[in-house]
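Below is one structure, written out as structure tokens, with a few remarks after it.
The structure displayed is predicted, hence computed values, not measured ones. Position 1 is the first residue of the sequence; numbering continues from there.
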Amino acid sequence: RDMFAVVVSAKRYDCVATDSKPAACPVMFDAATATAAVQITATRDSVPLVSAKMYSRTTTEVSFSEDSNAPQTVYVAQASNSLVIVGEVCRTPGAPPFQSFRWQMGGSQVGTCLKKTDWCHADNLQTKLAIISPGLLEDRGVVCSAEKCTSSLSVKPNVFSGAGVFDIGFVVTTSFGASASASLRVRFNRAPRYGSFGVTPLTGVALLTPFTLTADAWQDQELPDLKLMYEFAVRAAGCASQACQTTLAARSLTPVVAVLLPPGNQTLVLSVSDPDGATNVTLFAKTVFVRPGTSAALATFIDSSLAALNGTASALLSSVAIAAQSVNSLTSLSDADASKMRSQLLDYLQTAWFDGERDPASALVAAGAVLSVAGDGSQLSDAAVGNVKKFIKNIAGQVLLQFRGGADTTGLYIPEADVLALKLTGGLNLLFA
């Protein structure tokens with residue numbers, strides 16, 4: 001980066017040449033002469049070697065820009081999921097130290113970062129970054145090893161909107177001012193919308209009354225002809241998130257289902273997804289009241305109805321959770337009868353789990369079910385408590401196994417693991433005290 005200037009003074013001529021014609025000047029052969037040699041070595045500043053990797057669940061597509069025929073890879077992310085991108089820069093012995101690590105976005109969603117509707121607002125970020133200017137964030141807590149430094153950008157679900165393509169870049173600058181960047185092109189897939197959600201009847205008896213849940217006229221905006229997936233769930237009074245809801249019907253192409261419900265004031269939930277996973281979650285506008293059934297009806301349901309579901313893992317998982325909530329609500333049950341029912345439900349639950357997919361979605365259903373089966377732990381035998389602990393450990397292990405990728409994933413936000421942790425909070429205190 002140093003600048004060199006070499007000055008040469010003419011000694012053979014006593015006039016100034018004009019029009020590039022030195023021959024026009026008289027030569028003085030007795031004038032003093034001198035020569036000098038200067039050796040200059042110029043080196044280029046070390047430019048950081050930077051990369052950016054997409055860690056969110058995405059698909060890819062190829063696009064062409066207006067000013068280039070070269071194909072460009074576009075990552076299609078779901079607006080309903082969190083966005084996670086990891087930036088890395090190699091460390092070279094003898095190279096100048098790094099001064100800044102920054103994330104920037106180009107496109108219509110830059111924003112000021114001061115409003116909650118801006119993607120870069122602090123409330124929308126799952127990694128701690130400092131706002132430098134609109135659309136430009138700096139990571140001041142970068143973790144470095146001997147070989148590289150790593151930074152992550154993690155944005156919460158449902159922050160981005162629209163179907164435009166955006167450039168998200170990771171920029172690293174050295175203390176000498178040399179910089180390099182890596183960028184990814186991302187398009188955010190919007191969730192289905194414009195549909196309705198119906199429930200009939202609005203009252204009934206737990207484990208006896210069939211309730212019909214109907215999803216109608218939902219559309220995918222980008223590709224209207226795509227087939228959509230529907231999932232139905234229920235939230236008891238006081239439940240306000242996925243962490244405490246119970247799945248009634250797992251994701252399928254079926255927009256109408258008949259289900260049984262647990263007792264209490266219940267809120268029905270519909271999740272509509274496109275094939276890429278963009279999901280719209282809708283709550284039924286009215287609360288459904290479900291009266292408790294009898295202990296005899298509950299015993300029949302556990303002995304007969306659940307047994308008939310063996311071989312259909314997802315349906316069995318959901319039904320066990322509903323039956324367990326009925327056990328918890330029936331104060332007329334003796335401790336002996338309740339303990340027997342909980343042991344039966346735990347056996348069904350383990351059968352459904354180990355015969356099923358054991359994926360993150362199933363784990364969330366199973367986690368809610370096992371805590372409902374366990375109750376406060378007082379009606380479980382010592383052997384049953386031990387089985388519940390092992391079961392919870394297996395569920396959690398299967399979820400984390402889906403995302404285990406060595407040091408590259410350290411510190412990343414995993415939505416499924418976060419929801420699972422919320423489901424298990426409280427229940428674990430009861431069982432492990």
For [X], all residues meeting side chain to side chain donor-acceptor pair (under 3.5 Å), sequence neighbours excluded:
X	value
Glu231	none
Ser339	none
Ser378	Asp376
Arg91	none

- Taking every non-hydrogen atom, the tightest pair across Ala77 and Val186: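 Reported closest heavy-atom pair: CB-CG1, 4.0 Å.
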- Is it true that a side-chain atom of Thr279 and a backbone atom of Ser273 form a donor plus acceptor pair closer than 3.5 Å?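 Checking the backbone N and O of Ser273 against the side chain of Thr279, no donor-acceptor pair under 3.5 Å is found.
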- Any donor-acceptor pair under 3.5 Å from Ser381 side chain to Ala384 backbone: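 Yes.
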- Query: With Cys239, which residues qualify under disulfide bond (SG atoms under 2.5 Å apart), at least two apart?
  - Reply: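 Expected list: Cys244.
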side-chain hydrogen bond (donor to acceptor under 3.5 Å, both in side chains): pairs with one or both residues in [range], sequence neighbours excluded:
range	value
residues 248-259	none
residues 281-294	Asn280-Thr282
residues 316-325	Thr246-Gln325

- Please list all pairs passing the ring pair (Phe, Tyr, Trp, His ring centres under 6.0 Å) test where one or both residues lie in residues 271-310, with sequence neighbours left out.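 For residues 271-310: Phe197-Phe284.
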- Query: With sequence neighbours left out, which residue pairs that include part of residues 215-241 fulfil the ring pair (Phe, Tyr, Trp, His ring centres under 6.0 Å) condition?
  - Reply: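 Qualifying pairs, neighbours excluded: none.
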- Partners passing ring-ring contact (aromatic ring centres under 6.0 Å, His included) against Phe98 (at least two apart in sequence or in another chain):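 If we apply the ring-ring contact (aromatic ring centres under 6.0 Å, His included) test to Phe98, skipping adjacent residues, the hits are Phe101.
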- Query: Taking the six-membered ring for Trp, are Phe391 and Phe354 parallel (under 30°), tilted (30 to 60°) or perpendicular (over 60°)?
  - Reply: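 Rings of Phe391 and Phe354: tilted, as their planes differ by 30° to 60°.
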Per-pair distances, 0.1 Å, donor-acceptor, side chain in residues 203-217, under 3.5 Å, sequence neighbours excluded:
| unit_1 | atom_1 | unit_2 | atom_2 | d |
| --- | --- | --- | --- | --- |
| Thr209 | OG1 | Val205 | N | 2.8 |

